[in-house]
There are 2 protein chains.
Amino acid sequence: MTGAIGEALLTRLSCAGTVCSEDADAIRAIRGEVRTIRRHKVILSPGDIPRFVVIVLKGFLYRYAISTKGARQIHGFCMPTDSPGLDAMHLDQVDDTLAALVSSVVGLVPHANVSRLIEDRPGIAVLIGRTAALQGSIHRQWLMRNSTQQASASMANFFCETYLRAKTSGLVTNGSCDLPVTQEILGDTLGLTAVHVNRTLQLLRRLGLVELKLGRLFIHDFDGLARLAEFDPHYLHLKCGVPNRARITPANRDFSFLSGRAA
Amino acid sequence: MTGAIGEALLTRLSCAGTVCSEDADAIRAIRGEVRTIRRHKVILSPGDIPRFVVIVLKGFLYRYAISTKGARQIHGFCMPTDSPGLDAMHLDQVDDTLAALVSSVVGLVPHANVSRLIEDRPGIAVLIGRTAALQGSIHRQWLMRNSTQQASASMANFFCETYLRAKTSGLVTNGSCDLPVTQEILGDTLGLTAVHVNRTLQLLRRLGLVELKLGRLFIHDFDGLARLAEFDPHYLHLKCGVPNRARITPANRDFSFLSGRAA
DNA sequence: CGAGCGCTTGAGCTGATTCAACAGACGTGG
DNA sequence: CCACGTCTGTTGAATCAGCTCAAGCGCTCG
């Protein structure tokens with residue numbers, strides 16, 4: 001079972017670039033502790049000193065911060081193979097909260113093990129650097145989304161991103177993927193009230209675009225969703241068949257690559 | 001004049017942690033090209049392959065992305081000693097725009113030189129990693145601000161952050177610092193219209209908190225501003241005299257450290 | 001079986017936008 | 001040196017997206 005951590009990490013880092021077979025072996029060999037986290041349980045809180053990298057094996061995590069007035073802003077969800085903490089290795093203090101959205105299984109890899117991995121195989125540092133940069137890119141997109149788009153577009157945008165991310169991790173089956181969020185959580189993600197999330201979800205449903213039920217996201221019309229969302233996936237830096245920088249304009253917009261097998 | 005790049009980089013990295021004297025010498029010795037960028041000139045565009053790290057020596061830069069519908073979201077300002085591109089070293093494509101807000105002087109350091117620096121002195125990689133993590137922390141704060149706070153608080157928050165960042169770089173004199181932004185730029189930063197920015201600025205002025213004129217930010221009442229902004233500076237990971245994790249609550253809120261000399 | 005949580009709906013309110021017009025500063029070219 | 005266009009800031013009035021408050025409903029879990 002411990003090998004699962006290495007496999008998951010390999011999947012993650014493979015999204016960042018080509019991994020040579022020696023690097024792959026080294027990554028597979030990494031050791032950590034596997035642990036089950038119950039729903040709503042907090043893994044890391046502000047002020048904690050980070051000592052390990054987390055990697056999601058099963059379930060769903062989320063990261064958030066709370067303002068002094070009590071408003072919660074969620075700034076990321078972690079699905080299997082995501083590795084929160086990989087970006088913040090050198091930080092002396094965590095400044096947000098990492099918690100489990102549903103009962104989850106995670107791997108905890110001590111920083112020392114990661115450092116050793118990097119020392120042995122410096123190419124891996126580049127891959128890790130890239131996943132961190134990708135994270136930054138996603139953060140910027142979230143800022144743009146929550147600042148400039150209105151509720152329906154914003155929500156559509158979030159769904160597009162989540163679906164594609166799930167796809168690249170091989171977590172999509174039959175046009176749907178896990179997304180075990182309540183409407184309140186979704187509200188704290190998009191900067192909306194739960195009430196307005198409810199009405200917006202109904203709108204998207206009536207438009208025949210998506211449905212969110214039973215903790216799962218069902219995509220009925222990705223192209224329509226992407227159009228509403230003004231979604232341009234290039235910020236995800238996907239490797240798998242996305243035309244690399246054929247700028248997606250309203251004219252050549254094309255999500256046919258979605259039908260292909262994920263990497 | 002070339003030595004200015006090294007000095008600026010040293011100032012920047014010193015904010016991330018203690019720099020031993022050998023590291024400091026190595027940083028000072030770094031070489032790059034000094035160049036003047038005229039107002040509104042673009043330095044990096046989406047799709048460019050990043051080949052150098054930029055470091056601001058004089059002036060002001062800003063980074064933004066444009067949505068498919070034409071909305072612009074600014075997601076960062078760079079004041080002297082800031083180094084955009086330090087975080088995205090390993091990325092194969094830039095995905096936002098870096099441009100000059102006013103006529104500026106920047107250093108361009110080829111990635112090769114930075115890589116050599118890191119190889120020679122691995123401790124510096126940690127410092128760079130930390131500045132990247134700090135950048136992420138600021139991004140999360142911006143997301144929170146633009147998503148959950150209303151105009152006046154949001155703007156106050158931005159002013160608090162900018163002022164403190166300027167302070168730590170030694171760019172504050174007499175309670176004011178450069179901020180050469182138009183109301184439209186400020187709007188694209190906060191996700192507001194220029195019209196509403198105008199009215200909100202008037203409000204903050206009438207409250208006796210700040211004034212923004214002649215491209216400069218004049219702070220009249222930092223505490224009042226911070227209160228309105230729900231500002232908690234710990235996300236900036238400041239080293240200089242900020243009580244490290246004495247959680248700032250409404251009760252013990254105290255910005256007296258502002259009076260001390262910046263590091 | 002009761003309590004709590006998540007979802008749904010309605011009505012009224014408000015913060016922010018939109019559209020439009022105008023004034024001052026600036027710079028450029030005739 | 002003046003005339004002109006452009007850019008930035010300012011103000012007013014109407015509109016709207018999203019919020020607040022409040023109530024009710026069904027499910028699950030203890």
Side-chain angles (χ1 to χ4, degrees), chain A residues 38-40 60 62 67 69-74 101-103 145-158 179-206 210-218 228-229, chain B residues 38-41 60 62 67 69-74 99-103 145-158 179-207 210-218 228-229:
Chain A
R38 276 217 295 278
R39 190 169 120 99
H40 294 159
F60 242 86
Y62 68 129
S67 79
K69 274 218 181 99
R72 172 175 64 173
Q73 176 64 50
I74 293 170
L101 211 47
V102 293
S103 184
R145 159 170 44 84
N146 286 16
S147 301
T148 70
Q149 297 193 267
Q150 60 185 49
S152 53
S154 186
M155 188 177 292
N157 197 302
F158 172 67
L179 186 60
V181 295
T182 63
Q183 298 184 350
E184 195 189 344
I185 297 256
L186 203 44
D188 287 347
T189 303
L190 302 173
L192 304 169
T193 50
V195 172
H196 202 240
V197 165
N198 183 295
R199 302 198 228 261
T200 307
L201 272 173
Q202 290 179 49
L203 174 64
L204 298 186
R205 204 182 308 146
R206 259 183 286 123
V210 277
E211 268 179 297
L212 183 62
K213 59 182 179 190
L214 306 168
R216 243 182 122 74
L217 180 68
F218 296 84
L228 174 62
Chain B
R38 276 215 297 277
R39 192 169 119 99
H40 294 160
K41 188 89 193 304
F60 241 86
Y62 68 127
S67 80
K69 275 218 180 100
R72 173 175 64 173
Q73 176 64 50
I74 293 170
L101 209 49
V102 292
S103 185
R145 157 165 53 78
N146 287 14
S147 301
T148 69
Q149 297 193 264
Q150 60 185 47
S152 53
S154 186
M155 187 177 294
N157 197 302
F158 171 68
L179 187 61
V181 295
T182 63
Q183 297 184 351
E184 194 188 345
I185 296 258
L186 202 44
D188 287 348
T189 303
L190 302 172
L192 304 169
T193 50
V195 172
H196 203 240
V197 165
N198 184 295
R199 300 196 230 262
T200 307
L201 272 173
Q202 289 179 49
L203 174 64
L204 297 186
R205 205 182 309 146
R206 258 182 288 124
L207 290 174
V210 276
E211 266 179 297
L212 183 64
K213 58 182 180 191
L214 306 168
R216 243 181 122 75
L217 180 67
F218 296 84
L228 173 62

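Predicted model, so just to flag it, every value in this text is computed and none were measured. Order of the sequence lines sets the chain letters (A, B, ...), proteins ahead of strands, with each chain counted from 1.
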Contacts table for residues 179-186 of chain A: side-chain donor-acceptor under 3.5 angstrom, sequence neighbours left out:
from, atom 1, to, atom 2, distance (Å)
A:T182, OG1, A:E184, N, 3.4
A:T182, OG1, A:I185, N, 3.1
A:Q183, OE1, A:N198, ND2, 3.1

Rounded distance in Å - [atom1] ([X]) to [atom2] ([N]):
{"X": "A:D188", "N": "D:dC19", "atom1": "CG", "atom2": "C1'", "answer": "14 Å"}
{"X": "B:R206", "N": "D:dT11", "atom1": "CZ", "atom2": "C1'", "answer": "12 Å"}
{"X": "A:I185", "N": "C:dC5", "atom1": "CD1", "atom2": "P", "answer": "13 Å"}
{"X": "A:L214", "N": "C:dG6", "atom1": "CG", "atom2": "P", "answer": "15 Å"}
{"X": "B:H40", "N": "D:dC7", "atom1": "NE2", "atom2": "P", "answer": "9 Å"}
{"X": "B:L186", "N": "C:dA16", "atom1": "CG", "atom2": "P", "answer": "14 Å"}
{"X": "B:Q149", "N": "C:dA16", "atom1": "CD", "atom2": "P", "answer": "11 Å"}

Is the shortest side-chain heavy-atom distance between [X] and [Y] below 4.5 Å?
{"X": "A:L190", "Y": "A:T200", "result": "no"}
{"X": "B:N146", "Y": "A:N146", "result": "no"}
{"X": "A:R199", "Y": "A:L203", "result": "no"}

Inset, instruction - Describe the nucleic acid contact of A:G191 in one word from base, sugar-phosphate, nothing, applying a heavy-atom distance below 4.0 Å. - result: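 It contacts sugar-phosphate atoms only.
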
Inset, instruction - Measure across B:R145 and B:F158 and return the closest heavy-atom pair with its distance rounded to 0.1 Å. - result: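 For B:R145 and B:F158, the tightest heavy-atom pair comes out as NH2-CD1, 3.9 Å.
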
Inset, instruction - Could you tell me which non-hydrogen atom of B:L228 sits nearest to which non-hydrogen atom of B:A156, and how far apart they are? - result: CD2-CB, 4.1 Å

Produce the list of close N/O pairs, under 3.5 Å, pairing protein atoms with atoms of nucleotides 7-15 of chain C; give distances to one decimal.
from, atom 1, to, atom 2, distance (Å)
C:dC7, OP2, A:Q183, N, 2.8
C:dT8, OP2, A:Q183, NE2, 2.7
C:dT8, OP2, A:N198, ND2, 2.8
C:dT8, O5', A:N198, ND2, 3.3
C:dT9, OP2, A:Q202, OE1, 2.7
C:dT9, OP2, A:Q202, NE2, 2.9
C:dG10, N7, A:R199, NH1, 3.3
C:dG10, O6, A:R199, NH2, 3.3
C:dA11, N6, A:R199, NH2, 3.1

Inset, instruction - Indicate yes or no for a side-chain donor-acceptor contact from A:Q149 to the backbone of A:A229 under 3.5 Å, with no hydrogens or angles considered. - result: yes

Inset, instruction - Would you mind reading off the bend of the helix from C:dC1-D:dG30 to C:dG30-D:dC1 from its two end axes, five pairs each, to 10 degrees? - result: 40°

Inset, instruction - Taking only the side-chain nitrogens and oxygens of A:T193, find out if one of them lies under 4.0 Å from OP1 or OP2 of D:dC19. - result: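 Yes, because at least one side-chain N or O of A:T193 sits under 4.0 Å from OP1 or OP2 of D:dC19.
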
Inset, instruction - Could you list the residues that satisfy salt bridge (charged side-chain N to carboxylate O under 4.0 Å, His left out) with A:R205, not counting sequence neighbours? - result: none

Inset, instruction - Find the distance between CG (A:L201) and NE2 (A:H196) and round it off to the nearest 0.5 Å. - result: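 Here the interatomic distance stands at 11.0 Å.
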
Between N or O atoms, less than 3.5 Å apart, protein on one side and nucleotides 28-30 of chain D on the other: list the pairs.
none

Legend entry - Enclosure of A:R39 CZ (heavy-atom neighbours >12, cutoff 6.0 Å): no

Legend entry - Qualifying side chain to side chain donor-acceptor pair (under 3.5 Å) pairs, either residue in residues 186-195 of chain A, two or more places apart: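 Only A:R72-A:D188 qualify under side chain to side chain donor-acceptor pair (under 3.5 Å).
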
